[in-house]
Amino acid sequence: MTVDVHGFCDERFQPLADAFVANFEEGLEAGASLAMTHQGRMVVDLWAGTRDEEGKLPWERDTIAHLFSITKILVVMCTLKLVDEGLLELDAPVARYWPEFGQAGKSTVTVRQVLLHQAGVPGFDPPLPFEALLDWEQLTAAIATEPPWFEPGVSCYHPLTFGIVLGELARRVTGTMVSDYFDIHFTKPLGVDLQMGLKNDRDLPRIATPVIMSASAGISHEPGSVSERVFNSLDADVAIFSVEHLRAESPSSNGLGNARSLARAGAVLTLGGKLDGRRYLSESIARQATTEQSYAEDLILGPLRLGLGLGLHSPTFPAPRPTTFHWGGLGGSWHVMDCSSGVSCAYTMNGYAFPDFNSDELIDRRQQRCWDALAKIMKDLEGEGRSDG
């Protein structure tokens, strides 16, 4: 299929635009946005396709999409800032700030372990209904009383609870919900179109409607596996795209935004915490966040190499370059950053292809094509990163 592409791409980075177009030509995408900053400057900003299920409404410059687990990058940035401010210590127990969390054998779990998906509470047992997702007090109380599924320090991806634990930590030390904290300290000063949860119903018409691109309409798990137990511990599948979910405080999964805004926000991390002359994070915490803190066998994702809440390149969790850090969202969105080349690049879409956790391959064809182009671009730019913004 042919597609009209809008926006711009510096000719130096044309292979990335070519990859973007190829995804549409092969029928792999419905609508999407792709953007990249280099040393904090926007050098690619593209959008194409349609934003509705019927394929009639064009994807616009201000279209926003569900970010799902890319929301975790936003809550990580908030946590890093709270460490900078002296309100959290990485190696302090969570229970210092949230005493109730220390119940049932979790008194030694540290803030750092939460960031490394090693807190031992990746889900809820017994499982919670979808309505619990709409009640912050119920969610946090359930986590506080939950006995650890594994010894704290064991790596097990926390898809549901990661943002809830970090969000409650933010609330305990600031008195502010983490979605509001992000808005105050990052969204507004950066001038980006990012929300951790829907802030205003006037934005509803801008949100791209999901289009299921894969044969499966949900995530595939091996029966009896840890991933099945974790993902089934909150009954949210039927309502994951709902307005009710968007309105909830759900900082693991219900962010909204576009590639342009993610790329700009990510430039804060690629440039050592400073962008356009303003310091958002200390150089020290930005460096810690983007260098190896753990390399462990994760019970869901396999061998997982992490900075502070950010995925690092490894053979089983690959990134475009060995120096790249990244995270992805359910269905195919992704955000990659690289300090060596000074690149922050993001992709959001409404064509959802769901992962198979039985497979060794979690990267879909759309992502792989873009990452192949990025690998060459980053290599060519190597050494041009980490200016002072």
Side-chain angles (χ1 to χ4, degrees), residues 69 71-129 131-182 196-197 226 229-231 233-234 236 248-254 285 288-289 293-294 296 298-300 306 308-309:
S69 280
T71 312
K72 293 178 173 68
I73 296 177
L74 312 186
V75 78
V76 165
M77 292 177 71
C78 292
T79 306
L80 299 178
K81 187 164 185 64
L82 291 170
V83 173
D84 266 343
E85 293 176 343
L87 296 175
L88 294 176
E89 293 182 16
L90 288 171
D91 293 313
V94 172
R96 175 189 295 180
Y97 313 104
W98 177 9
E100 298 88 342
F101 182 86
Q103 300 176 66
K106 303 191 299 300
S107 61
T108 62
V109 174
T110 65
V111 176
R112 188 187 301 272
Q113 286 175 324
V114 177
L115 286 164
L116 298 178
H117 296 271
Q118 295 176 3
V121 282
F124 304 96
D125 190 3
L128 294 180
E131 290 72 25
L133 195 59
L134 312 181
D135 185 336
W136 185 257
E137 296 295 339
Q138 181 180 354
L139 277 179
T140 54
I143 290 175
T145 58
E146 184 80 23
W149 293 21
F150 321 103
E151 186 73 23
V154 171
S155 181
C156 180
Y157 179 43
H158 286 46
L160 309 172
T161 58
F162 180 85
I164 301 169
V165 176
L166 293 176
E168 181 63 5
L169 279 169
R171 188 176 77 92
R172 293 288 175 133
V173 300
T174 67
T176 302
M177 301 302 287
V178 71
S179 59
D180 295 327
Y181 185 88
F182 183 80
M196 291 176 67
V226 173
R229 183 186 178 198
V230 170
F231 280 88
S233 72
L234 184 64
E249 185 79 10
S250 185
S252 283
S253 59
N254 76 339
I285 198 66
Q288 289 183 68
Q293 305 290 318
S294 172
D298 188 90
L299 297 178
I300 292 178
L306 291 174
L308 292 175

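Remember, predicted model here, so these are calculated numbers, not experimental data. Along the sequence shown, residues are numbered consecutively beginning with 1. FYI, side chains are in, hydrogens and waters are out, and symmetry mates aren't considered; it's all heavy atoms of this structure.
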Could you check if a side-chain atom of [X] sits within less than 4.5 angstrom of a side-chain atom of [Y], using non-hydrogen atoms only?
X	Y	result
R172	P99	yes
I143	F124	yes
Q113	L116	no
D91	R112	yes
F182	V75	no
T79	L169	no

Does K106 pair with E146 as a salt bridge, N-O distance under 4.0 Å?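 Salt bridge absent between K106 and E146.
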Can you pull out every side-chain hydrogen bond (donor to acceptor under 3.5 Å, both in side chains) where at least one residue sits in residues 118-127? Sequence neighbours excluded, please. Q118-S294, D125-R229
Verdict with supporting geometry, L306 and L115, side-chain contact (heavy atoms from CB on, under 4.5 Å): CA-CA 9 Å; L306 291 174; L115 286 164; over 6 Å; no
Quick one: pull up [atom1] in [X] and [atom2] in [Y] and give me the separation to the nearest 0.5 Å.
X	Y	atom1	atom2	answer
D298	C156	CG	SG	5.5 Å
E249	W136	CD	CH2	5.5 Å
E151	T108	CD	OG1	7.0 Å
L133	Q138	CG	CD	10.0 Å
E89	Y97	CD	OH	4.5 Å
M196	L74	CE	CG	5.5 Å

Testing the basics here: between [X] and [Y], what is the closest heavy-atom pair and its distance to 0.1 Å?
X	Y	value
P93	S107	CB-O, 3.5 Å
T71	S253	OG1-C, 3.6 Å
P148	A104	CD-O, 2.8 Å
V94	V111	CG2-N, 4.0 Å
A119	V109	O-CG2, 3.6 Å
P152	G105	CG-O, 4.3 Å

Check for a donor-acceptor pair, side chain of S250 on one end and backbone N or O of S252 on the other, with a separation under 3.5 Å. no
Given 3.5 Å as the limit, does a donor-acceptor pair link the side chain of H158 with the main chain of V121, or not?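 The answer is yes, because a donor-acceptor pair under 3.5 Å joins these two groups.
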Determine whether L160 and S233 satisfy the following criterion, side-chain contact (heavy atoms from CB on, under 4.5 Å), listing intermediate values before the conclusion. CA-CA 9 Å; L160 309 172; S233 72; 3.5 Å; yes
Are T145 and Q103 close enough that a side-chain donor and a side-chain acceptor fall under 3.5 Å?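 Side-chain D/A pair, T145 to Q103: absent.
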Between W149 and V230, is the side-chain contact (heavy atoms from CB on, under 4.5 Å) condition met? List the steps. CA-CA 10 Å; W149 293 21; V230 170; 3.7 Å; yes
Could you pull out all residues at least two apart from R171 that satisfy salt bridge (charged side-chain N to carboxylate O under 4.0 Å, His left out)? E137, E168
Do L90 and T110 pass the side-chain contact (heavy atoms from CB on, under 4.5 Å) test, and can you show the C-alpha distance, the side-chain angles, and the key distance before you say yes or no? CA-CA 7 Å; L90 288 171; T110 65; over 6 Å; no
Sorted by chain and number, sequence neighbours left out, side chain to side chain contact (heavy atoms under 4.5 Å, CB included) with S69 holds for K72, Y157, W327
